[in-house]
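Letters A, B, ... are given to chains in the order of the sequence lines, protein chains preceding strands, and every chain is numbered from 1. These figures come from a predicted structure and were not determined experimentally.
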There are 2 protein chains.
Amino acid sequence: MPLREHRTPRVVREDVAMLELAILGFLYDTPLHGYELRKRITALTGHVRPIAESTLYPAIKRLEKAGLLERTTEPGAVAAPRHVLTLTGAGGQELRRRLAEPGRRDITDENRWFTVLAFLRHLDDPAAQSAVLRRRLAFLEEPASFFYDGDRPLSAEEFDDPFRRGILTIARATSRAETRWLRETLASLED
Amino acid sequence: MPLREHRTPRVVREDVAMLELAILGFLYDTPLHGYELRKRITALTGHVRPIAESTLYPAIKRLEKAGLLERTTEPGAVAAPRHVLTLTGAGGQELRRRLAEPGRRDITDENRWFTVLAFLRHLDDPAAQSAVLRRRLAFLEEPASFFYDGDRPLSAEEFDDPFRRGILTIARATSRAETRWLRETLASLED
DNA sequence: GGAGAATACATCGGAACCGATGTATTGCGA
DNA sequence: TCGCAATACATCGGTTCCGATGTATTCTCC
């Protein structure tokens with residue numbers, strides 16, 4: 001008798017979600033080859049978190065292997081031959097699923113959240129879009145403090161480290177701006 | 001003749017920097033055991049990006065192996081025995097080095113940047129602190145657009161996708177608030 | 001007195017990431 | 001014409017990351 005069963009749990013790795021989401025999202029609009037895809041991803045999130053080629057190409061392969069996209073080889077317009085990537089039906093479905101049910105970190109981590117937002121229009125049901133925005137709003141409304149004195153959260157005014165004060169100052173400003181935008185957008189989605 | 005030499009390049013992995021920085025930063029103040037360290041890291045960045053135990057403990061081991069911290073075993077106050085972690089001289093030096101010369105992504109990625117800010121006071125030279133803040137300021141002043149029409153950046157007003165408009169709206173508000181804080185803090189550091 | 005949460009650590013395996021490097025071709029400026 | 005940048009892809013190795021799981025103790029609530 002084995003001590004435990006060896007299931008293959010198809011662990012959903014939180015960290016890859018963002019890159020794969022971006023690939024699916026861009027291809028949902030139009031087929032692209034890898035190099036162009038890379039330029040668009042770089043424009044979207046590259047200034048904050050660049051994606052290496054050696055990360056992108058394996059990711060494309062994974063998605064292909066999973067049946068979410070297909071490749072067709074074309075003679076290179078200007079250099080080496082291109083692999084034009086086209087989203088499959090399953091790929092489109094998977095994109096919509098990931099947008100409708102983002103993981104917790106897609107909601108909490110600004111980098112990921114922006115990627116979700118960048119493609120949220122592909123979810124054609126406004127109620128589903130609203131639901132996602134409301135999750136983010138709920139997160140922003142959770143009381144979150146960065147620093148504690150024992151169990152008591154410290155406010156920005158209370159400590160003299162100007163850098164830690166800055167963290168709170170900036171986080172608050174961001175939160176206020178985004179909360180406002182979320183409320184406005186939610187209101188306009190309900191028309 | 002080998003086609004290439006097999007150097008061991010000591011590749012600096014960008015992604016680990018944040019966690020290790022947080023460990024070094026917290027221990028710089030006072031020795032802690034792993035469990036307490038985890039609670040503090042969770043309070044600092046956990047609401048955005050939680051750290052698994054199975055990430056923290058290996059990280060501690062790495063730092064120990066690198067001679068940046070030392071462990072001493074203590075009988076557990078309430079449960080299992082604790083490993084109290086103490087920063088070595090080399091550890092303090094390394095912390096200051098990482099704070100004074102943050103990698104590009106420590107500057108551009110808000111998550112990492114906040115971690116740098118959280119411990120920047122440990123850099124005792126105000127000029128060095130200023131230099132780090134100025135790097136962030138320079139980054140925020142770079143013209144960065146998320147979406148392009150060919151090569152022309154699109155402003156928030158130009159496209160009708162409300163979610164992409166939101167990204168720009170929020171990013172702008174954040175950038176303005178932080179720029180303002182950076183300028184104020186830089187001014188006060190120069191006194 | 002039994003269940004469950006909190007304390008406190010640890011390992012293993014699978015997956016994803018990145019830097020370095022390689023291979024070609026085309027276009028452009030010096 | 002020489003070299004460099006851009007286009008366009010690919011692999012390898014090393015490292016980190018995480019979920020699942022395990023072990024053991026103590027405290028609290030029912």
Got a list of side-chain donor-acceptor pairs under 3.5 Å for residues 21-30 of chain A, not counting sequence neighbours?
from     : atom 1 : to        : atom 2 : distance (Å)
Tyr28(A) : OH     : Arg96(A)  : NH1    : 3.1
Asp29(A) : OD1    : His122(A) : NE2    : 3.2
Asp29(A) : OD2    : Arg121(A) : NH2    : 2.8

Could you pull out all residues at least two apart from Glu110(B) that satisfy salt bridge (charged side-chain N to carboxylate O under 4.0 Å, His left out)? none

Listed partners of Thr55(B) passing side-chain contact (heavy atoms from CB on, under 4.5 Å), at least two apart: Leu19(B), Ile51(B), Ala52(B)

Thr45(B): what forms a side chain to side chain donor-acceptor pair (under 3.5 Å) with it, not counting sequence neighbours? none

Of all residues at least two apart in sequence or in a different chain, which pass the salt bridge (charged side-chain N to carboxylate O under 4.0 Å, His left out) check with Lys61(A)? none

d(CZ, Arg105(A); P, dC17(D)) in whole Å: 11 Å

Distance, nearest 0.5 Å, that separates OG of Ser175(B) from CG of Leu168(B): 11.5 Å

Rounded distance (Å) that lies between atom P of dC17(D) and atom CD1 of Ile60(B): 12 Å

Rounded to whole angstrom units, what separation is found between the CZ atom of Arg40(A) and the C1' atom of dT7(D)? 16 Å

Mind calculating the distance between CD (Glu20(B)) and C1' (dC17(D)) to the nearest angstrom? 12 Å

Which atoms of nucleotides 9-11 of chain C (N or O only) lie under 3.5 Å from a protein N or O atom, and what are those distances?
from    : atom 1 : to       : atom 2 : distance (Å)
dC9(C)  : OP1    : His83(B) : N      : 2.7
dC9(C)  : OP2    : Gly34(B) : N      : 3.2
dC9(C)  : OP2    : Tyr35(B) : N      : 2.6
dC9(C)  : N4     : Glu53(B) : OE1    : 3.0
dA10(C) : OP1    : Arg71(B) : NH1    : 3.2
dT11(C) : OP1    : Lys61(B) : NZ     : 3.2
dT11(C) : OP2    : Lys61(B) : NZ     : 2.5

Who passes salt bridge (charged side-chain N to carboxylate O under 4.0 Å, His left out) against Arg135(A), sequence neighbours left out? none

Protein-nucleotide distance (Ile41(A), atom CD1; dA8(D), atom P), rounded to Å: 15 Å

Atom CD1 of Ile51(B) and atom P of dC17(D): how far apart are they, to the nearest Å? 7 Å

Any residue meeting salt bridge (charged side-chain N to carboxylate O under 4.0 Å, His left out) with Glu70(A), in chain and number order, not counting sequence neighbours: none

Closer than 4.0 Å, any side-chain N/O of Arg62(B) to the OP1 or OP2 of dC17(D)? yes

Report the end-to-end axis angle of the helix from dG1(C)-dC30(D) to dA30(C)-dT1(D); each axis comes from five terminal pairs, and the value is rounded to 10°. 40°

Sidechain N-carboxylate O distance under 4.0 Å for Arg62(A), Glu20(A): yes

Nucleotide dT16(D), atom C1' - distance to CZ of Arg112(B) in whole Å: 12 Å

Could you tell me the separation between the NZ atom of Lys39(A) and the P atom of dA5(D), rounded to a whole number of Å? 17 Å

